[in-house]
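Read the structure below first, then the notes.
Numbering of residues begins at 1 and proceeds along the displayed sequence.
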Amino acid sequence: FTAFVFKIVFSCNNFLTHEEFLSLEFADLLVPLFSICNCIIGIVLIFMSIFLCDIWSKAFHLKLHQLIDEFYDFAKQSKLRQIAAFSNIKTEMEFRIFHCIFCESFSIQRK
């Protein structure tokens, strides 16, 4: 709505130079573009956090020996070690390690 009002005011008055008018038009194009990009990034981050919370909840309910066995089996099977950085098993293991550190530092009983 503001852009529409500015266009009406600018077309009625000649108090802006041509360069200033072009810079306002350029800003009028960039502001919605950046806001849409920020919304898309926010939506992607929300879905990533939902995915990560799902992995963490699965890791919380796994027994420790099940998790370690899966981790060692995956480490033996993976030919390329770089793929391990993007696996769910590594994320589950990291969660359990952080959970143990948190519980020990705040004297919370672990299951």
Side-chain angles (χ1 to χ4, degrees):
F1 178 73
T2 309
F4 178 70
V5 171
F6 277 141
K7 286 184 182 181
I8 291 175
V9 169
F10 294 143
S11 64
C12 295
N13 297 331
N14 274 340
F15 65 90
L16 284 178
T17 64
H18 183 67
E19 290 82 19
E20 292 170 342
F21 182 72
L22 286 178
S23 64
L24 281 175
E25 286 290 324
F26 184 69
D28 189 33
L29 291 174
L30 284 183
V31 169
L33 181 71
F34 283 130
S35 63
I36 289 171
C37 288
N38 283 334
C39 290
I40 291 171
I41 289 170
I43 291 169
V44 168
L45 288 174
I46 288 170
F47 283 120
M48 287 174 59
S49 69
I50 290 170
F51 177 71
L52 193 61
C53 285
D54 185 45
I55 292 173
W56 285 356
S57 68
K58 288 177 186 174
F60 182 76
H61 294 294
L62 280 177
K63 300 291 184 198
L64 188 58
H65 68 281
Q66 290 174 331
L67 183 64
I68 291 174
D69 288 341
E70 287 180 17
F71 186 75
Y72 283 138
D73 290 341
F74 179 76
K76 288 177 187 175
Q77 290 174 357
S78 65
K79 303 275 189 252
L80 301 172
R81 300 293 182 204
Q82 291 83 14
I83 297 174
F86 301 107
S87 71
N88 292 347
I89 296 171
K90 182 180 178 209
T91 308
E92 291 172 355
M93 183 65 81
E94 287 173 352
F95 171 76
R96 287 303 290 253
I97 291 169
F98 291 143
H99 184 256
C100 289
I101 292 170
F102 178 80
C103 289
E104 290 215 1
S105 58
F106 291 106
S107 302
I108 300 172
Q109 255 188 351
R110 289 178 285 194
K111 68 169 200 166

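- Residues passing the side-chain contact (heavy atoms from CB on, under 4.5 Å) test with Leu30, sequence neighbours excluded: Phe26, Leu33, Phe34.
- Annotation: salt bridge (Lys or Arg N to Asp or Glu O under 4.0 Å) contacts involving residues 33-53, sequence neighbours excluded, are absent.
- Under the ring pair (Phe, Tyr, Trp, His ring centres under 6.0 Å) criterion, Phe102 pairs with Phe106, sequence neighbours left out.
- Screening residues 33-52 for salt bridge (Lys or Arg N to Asp or Glu O under 4.0 Å), with sequence neighbours left out, gives no hits.
- For the atom pair Arg96 CZ and Ile101 CD1, the distance stands at 12.5 Å (nearest 0.5 Å).
- Note on residues 43-55: pairs passing salt bridge (Lys or Arg N to Asp or Glu O under 4.0 Å), not counting sequence neighbours, are Asp54-Lys58.
- Applying the ring-ring contact (aromatic ring centres under 6.0 Å, His included) rule to pairs touching residues 40-59 yields Trp56-Phe95, sequence neighbours excluded.
- Considering CE of Met48 and CD1 of Ile41, their distance stands at 11.5 Å, rounded to 0.5 Å.
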